[in-house]
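Remember, it's a predicted structure, so these values are computed and weren't measured experimentally. All ligand and atom numbering here is 1-based and tracks the order in the structure. Note: hydrogens, waters and symmetry copies are ignored here, and every other heavy atom, side chains too, is used.
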Amino acid sequence: MAAQLPIPVYTTLSDALGDLQTATVQAERWNSVVQEYEQRFGKKPAYIARAPGRVNLIGDHIDYVLFGVFPAAVEQDILIACGPSDANPDAHPGSVAAHNLDPRYGPQSFAPMLKGAPIPSAEEQQEAAGAVRAESWYLDINKRELRWESYVKAGYYGVLDRFFHPSTTDERPAPVDLLVTGCVPAGSGLSSSAAMVVASTLAFLAVNDKISGLTKGQLVEMSMENETRVGVNSGGMDQAASVISMPESALYITFFPSLSAEPIPLPTPRTVPGAVFVCANSLVVSDKVVGAKTRYNLRVVETLVSARVLARHLGVALKPTERPTLREVLGRWLGYTEAKDQSSDLDTETLRDGLQRVLPEVEKLRPARTDGQLGVTMEEMIEWSGLEESVFREVYLSWVDVEATHFQLFKRTKHVFEEALRVLQFRDVCLRATATAGALAEGTLRELGALMDASHDSAAVLCENSCAEVDALVRAAKDAGAYGSRVTGAGWGGCTVSLVAEDAVPAFIAHMREAYPPYRGLDDGALSQVIFATKPSRGACVLKLE
Ligand code: NG1
């Protein structure tokens, strides 16, 4: 399985670049980061860690309810040149000099500190039966302000915890010099944050000689855990795509009963006339943290409450304090309990069949009201849940801050189940195209495009995570001949992804430049940063330079 493979470590640049389309441009970037590192730190780096961003082709706002998603790595990536520094390892074990090629991000130095664990509660002390608590490493991460080096520190944390925990080893981390350069646009839905955290985790693993024996799946787990250090509780899609992706494939990532990733080859020029995915940045920066109360976190709460209300309608018994997801409720309705057999969850066929059967039941979440609202008030939602108000608030609202006059249980649930089905259909079309090489041609692309279009409609109407600018980009893409086009990632701004015939890309981009007003004044260089074709590329790796 893809997640069990070792993390690739290459020793030549051509192996590391592999399938990357624009090899010459890429080679220049890699060489210049080496030269710049040498100038700044007086010696060559020992490694370059690379981690790409990702574009989600289909399946948004369903990973946190544990349905499968379908992303692919993009060519845009983060590179971190790194090596052991000359700092005295005894004076400051694991000290870091972190530089960034982007002049907006100034150089930073920091060192992890050994810190005593917080004083345990009386209960914990009793449990530990007098055992002495080990210290742990501490790095100061400012969560109130988004600082570039926070992502470097976040990657470092996992490496310190896993390999240098003072309770298990006397070994101390090496002092590190590192230089970061990246071309994944921030805040655009292409997961620059996951790319930063994965690259940083890899860099610290490499300099401390801890890569061998680690699988890609373990790197995903470490990176997910690391990303929570910057205050983001993500579902795992972004890190898995950055680490496990394979060239010319997307990843079908499932999260239940545990994370698993299956590379699915996309129709390539060998099987149908070539088509590529074009990402277009709306230039509306979607700030997940600022809008969380009314956007991302609200969707998370709405889908969780929907799961409980639907479970009542389906006759699936839940304990009052349980908080299962829609995916778990569906599984239980179909007769699969987590306790029954962790290793044999629903297969794809049963899941598809279950989704089709449950969809009519979603109508039961449609409120019978006359004021035109498809949502319910807080009071109505609590009543529908069947819980005491205090229990409801404890289970669904005590850990998250949300704000709404009406909660859209019907719309969100319909989006989740239909989008989960579209992901399975998209996967099927790709598998079928690969199996019948050459026969499907245009029709395959039209099928994929139609699923992407339906996904965008659902985002706009049911999940309500699009915005006027993103809708305008999607319309322009369709006018310009895209097979399909949709918002990708969290939404409320960020990027669209469109499926476009490969030979039509220049004309497509020219049309978009005219049709989308924010692109009009841009020169060619600036335009290529905001709208670009990308072919699914490979996941993270390390280049060893000596
Ligand atoms: P973005 O903001 O596009 O990286 C976010 C979540 C994903 C997923 C998508 C919506 C984080 C780090 N990522 O992606 O897990 O829920 O929204 O499909 O929160």
Test: Arg486 and Asp60 ion pair at under 4.0 Å: yes
Pairing of Glu419 and Lys414 as salt bridge, 4.0 angstrom limit: no
Answer yes or no: does an N/O atom from [X] fall short of 3.5 Å to an N/O atom of ligand 1?
{"X": "Arg54", "value": "yes"}
{"X": "Gly59", "value": "no"}
{"X": "Asp60", "value": "yes"}
{"X": "Asp63", "value": "yes"}

Part of Ile62 within contact of ligand 1 (heavy atoms, under 4.0 Å):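 Neither part.
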Region of Glu419 engaging ligand 1 - heavy atom pairs below 4.0 Å: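 Contact part for Glu419 vs ligand 1: neither.
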Phe70 and Phe426 aromatic ring geometry - parallel, tilted or perpendicular at 30°/60° bounds: perpendicular
pair Leu421-Leu359: side-chain heavy atoms closer than 4.5 Å: yes
Numbered atoms and elements of ligand 1 in range of Ser191, under 4.0 angstrom, heavy atoms: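 So the answer, numbered in order with elements, is 4 (O).
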Under 4.0 Å to a heavy atom of Gly489 - the qualifying atoms of ligand 1, by number: 3 (O), 10 (C)
Test of ring centre spacing under 6.0 Å for Tyr105 and His99: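 No - the distance between ring centres of Tyr105 and His99 does not fall below the 6.0 Å cut-off.
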Validation row, ring centre Tyr64 to ring centre Tyr296 under 6.0 Å: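 Yes; Tyr296 has its ring centre under 6.0 Å from that of Tyr64.
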